[in-house]
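Note: hydrogens, waters and symmetry copies are ignored here, and every other heavy atom, side chains too, is used. Throughout, protein chains are lettered first and strands after them, A, B, ... in sequence-line order, and every chain is numbered starting at 1.
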There are 2 protein chains.
Amino acid sequence: MKAIVVNQPGGAEQLHVKDATIPSIKPGELLIKVKAFAINRTDIVSREGKSGYMSNPILGIEVAGEVVEAAEGTTIEIGTRVMGLVNGGGYAEYAVMPADRAMKVPAHLSFEEAAAIPEVFLTAYQTLFWLGNLSPQETVLIHAGGSGVGTAAIQLVKQMTDAKIITTAGSQEKLDFCKTLGADIGINYKEQSFDEEVLIATNSQGADVILDFIGASYWKQNLKSLKMDGRWVLIGVLGGAMVENINIRELMEKRAQIKGTLLTPRSDQYKKELTEEFMSKVMPLFDQQKIRPIVDTVFPFEEIQEAHRHMEASKNIGKIVVRVLN
Amino acid sequence: MKAIVVNQPGGAEQLHVKDATIPSIKPGELLIKVKAFAINRTDIVSREGKSGYMSNPILGIEVAGEVVEAAEGTTIEIGTRVMGLVNGGGYAEYAVMPADRAMKVPAHLSFEEAAAIPEVFLTAYQTLFWLGNLSPQETVLIHAGGSGVGTAAIQLVKQMTDAKIITTAGSQEKLDFCKTLGADIGINYKEQSFDEEVLIATNSQGADVILDFIGASYWKQNLKSLKMDGRWVLIGVLGGAMVENINIRELMEKRAQIKGTLLTPRSDQYKKELTEEFMSKVMPLFDQQKIRPIVDTVFPFEEIQEAHRHMEASKNIGKIVVRVLN
């Protein structure tokens, strides 16, 4: 089969297609004929050799495709259209998926659309509800509203709670799109101080929950934007990882809860439980077409380098997907 | 009545006794004839004029004494021996206490012992279980094991869970005492690197919960001591408030949860709920004499300056109490 690997740690030019052996499955696993996969920031970190937790030389953590082989005891039939997280190996014609993470693709969605669901919607669900404990009457600040996780989070909040949604993005086009998904207030961080706008929008109270993909460059403003007893979930460091001078007395006085998280390195058991809760609580909303995957661009398999560069340029609204023809 | 107020923001020499009017009670409140009160770090912060949340000019947030007046509708009888948190005004012959925070003093305890209970045991309970979510098979790192909150926390963990207790202190005398209360491992932070010792004691896993009274000076070592998915509760900044250069990628990779908290500025409703849960779950252990207040020194009312200086010297094991003769 064809698969995409990294020549040596570095830029997008290090990605290339090579021949690889079709992987074999173990108990509890499915072999998926991959029809589409999506690109994630964590793939870029792996490509650069900066994370130590990916053991599979083939990149890729989520796929959509057809089940072609199922281990004994699994209950999913051959031929089922599924999507879900994989433990690496997603950038390939075939990939192995633990059966307890396989979600059936709703009939009205294509494989390209389905590939845009698992990572960002599971991440958004986990950060909003498991870590952020977002309650109906609260306010959530979602940074990078046009990103994959941002567009997922806005929809989940809108459809599952009455919470107020404030989002930031770097262009009017992105903010307008976020409003069509359900954002109540959009802030262009290039033109406005988002902390001041958050305080204006919340009667000087601040946001109960912050989804922070940005990190260092937003630190002080996020702290100002956080309400008393607020939960601040760290899920990315697009604006740098090193924060100079944190006053922890302020964290105490605000009774702030800062929660770091990453989804990819978590255990199989955690991903199983998260997927199961997501299937029961969120998948019906996909079936009813109240929530939808947001696909920015679909690239052909051979253009993987362009797909990575497109993500690194941060111009996408929603997910970047790669189609696998086989 | 006699009461202790602050001349002007500053050192212990600013504390003096003056005549004040006996306070009057509102619905839901009790008037307490104060027999003893305890000194807390937050009193020192208030004395220095560094916190903005104390509106009562008389210091003091916890007392033990006798009920001399009760608002209509309250169910506590005149003459009952009670202890509990007050909204300032504890350093006096009479103080007002919301009735839903009044805990009956166990028969075997003196007022001086009872005054040593509310603040530190409620704080330790809140940080260990409400914020730290400490589970039976986990490990907790309790800094300042000889302090009021430290001695309370060690006893609560020992009597209420099977969790392993690691504590730090600055002298062998304090560590020996912590072991009599139930600590499994004692680390002299003046002679050992506590993070290395924590990793040795936990098979390189780290502690699930850290009770951090120290802040800046322990930051890097606390982060090293924290287990994956660990909860790190900030409840004091004895070692400074400003931390330079925090790498938030490390917080994400460890999936750390940092939770700042202070008890005194919290709402009446919160203190009511915390007191109620504490009365049902912990007070029986006091009645059975499995848990006991730890009193370091009892000062007479007139020696309030010495009492504050004694706390500032950090030589106490357990609480510093002031006796009120009236």
Side-chain angles (χ1 to χ4, degrees), chain A residues 41-42 45 50-53 123 126-127 130-133 210-220 222-223 226 228-267 269-270, chain B residues 41-42 45 50-53 123 126-127 130-133 210-220 222-223 226 228-267 269-270:
Chain A
R41 293 269 168 194
T42 189
V45 176
K50 289 182 182 165
S51 86
Y53 48 78
T123 294
Q126 174 214 17
T127 51
W130 284 17
L131 293 163
N133 302 320
I210 298 178
L211 261 56
D212 180 8
F213 312 81
I214 310 299
S217 64
Y218 276 12
W219 188 270
K220 283 191 198 317
N222 273 330
L223 183 55
L226 190 69
M228 194 75 134
D229 293 309
R231 288 81 67 197
W232 176 355
V233 187
L234 304 175
I235 50 175
V237 288
L238 294 177
M242 291 306 296
V243 184
E244 295 172 10
N245 295 327
I246 291 182
N247 184 337
I248 55 180
R249 192 193 300 274
E250 287 176 12
L251 299 180
M252 284 168 52
E253 288 175 349
K254 233 175 198 181
R255 305 192 296 251
Q257 298 195 5
I258 297 179
K259 302 182 178 187
T261 187
L262 288 172
L263 182 53
T264 303
R266 285 189 186 262
S267 68
Q269 179 64 23
Y270 186 96
Chain B
R41 293 269 169 196
T42 189
V45 176
K50 289 181 181 165
S51 85
Y53 48 78
T123 294
Q126 174 213 19
T127 51
W130 284 17
L131 293 163
N133 301 320
I210 299 178
L211 261 56
D212 180 8
F213 313 80
I214 310 299
S217 63
Y218 276 12
W219 189 269
K220 283 193 199 316
N222 273 330
L223 183 54
L226 190 70
M228 194 76 131
D229 293 308
R231 287 82 67 199
W232 176 355
V233 186
L234 304 175
I235 49 176
V237 288
L238 294 178
M242 292 305 296
V243 185
E244 293 173 10
N245 296 323
I246 292 183
N247 184 336
I248 55 179
R249 191 193 299 276
E250 287 177 11
L251 299 181
M252 284 168 52
E253 287 175 348
K254 231 172 200 183
R255 306 191 295 252
Q257 298 195 4
I258 298 178
K259 301 181 179 188
T261 187
L262 288 173
L263 181 54
T264 304
R266 287 188 185 261
S267 69
Q269 179 63 23
Y270 186 96

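For chain B, the option among A:L234, A:N247, A:I235 with the highest count of heavy-atom pairs below 4.5 Å is A:N247. Note: A:A256 leads A:G236, A:A256, A:G215 in heavy-atom pairs under 4.5 Å with chain B. Of the listed residues (B:M242, B:E244, B:M228, B:R249), the greatest number of heavy-atom pairs within a distance under 4.5 Å of chain A belongs to B:M242.
The part of B:L131 that comes within reach of chain A is its side chain, from C-beta onward, which places non-hydrogen atoms under 4.5 angstrom from that chain. In this structure, chain A has no heavy atom under 4.5 Å from any part of B:R231. Residue contact with chain A, scored on non-hydrogen atoms closer than 4.5 Å, involves the side chain of B:W219 exclusively.
Here the closest heavy-atom approach between residue B:R266 and residue B:T261 is recorded as NH2-OG1, 2.8 Å. Closest approach of B:M252 to A:V237, counting heavy atoms only: SD-CG1, 3.8 Å. Summarising the geometry of A:L262 relative to B:E253, their closest heavy-atom pair is CD1-CG, 3.8 Å, with the distance given to 0.1 Å.
Between the side chain of B:K254 and the backbone N or O of B:G230, no donor-acceptor pair lies under 3.5 Å.
How far OH of B:Y270 is from CG of A:D229: 8.0 Å, rounded to the nearest 0.5 Å.
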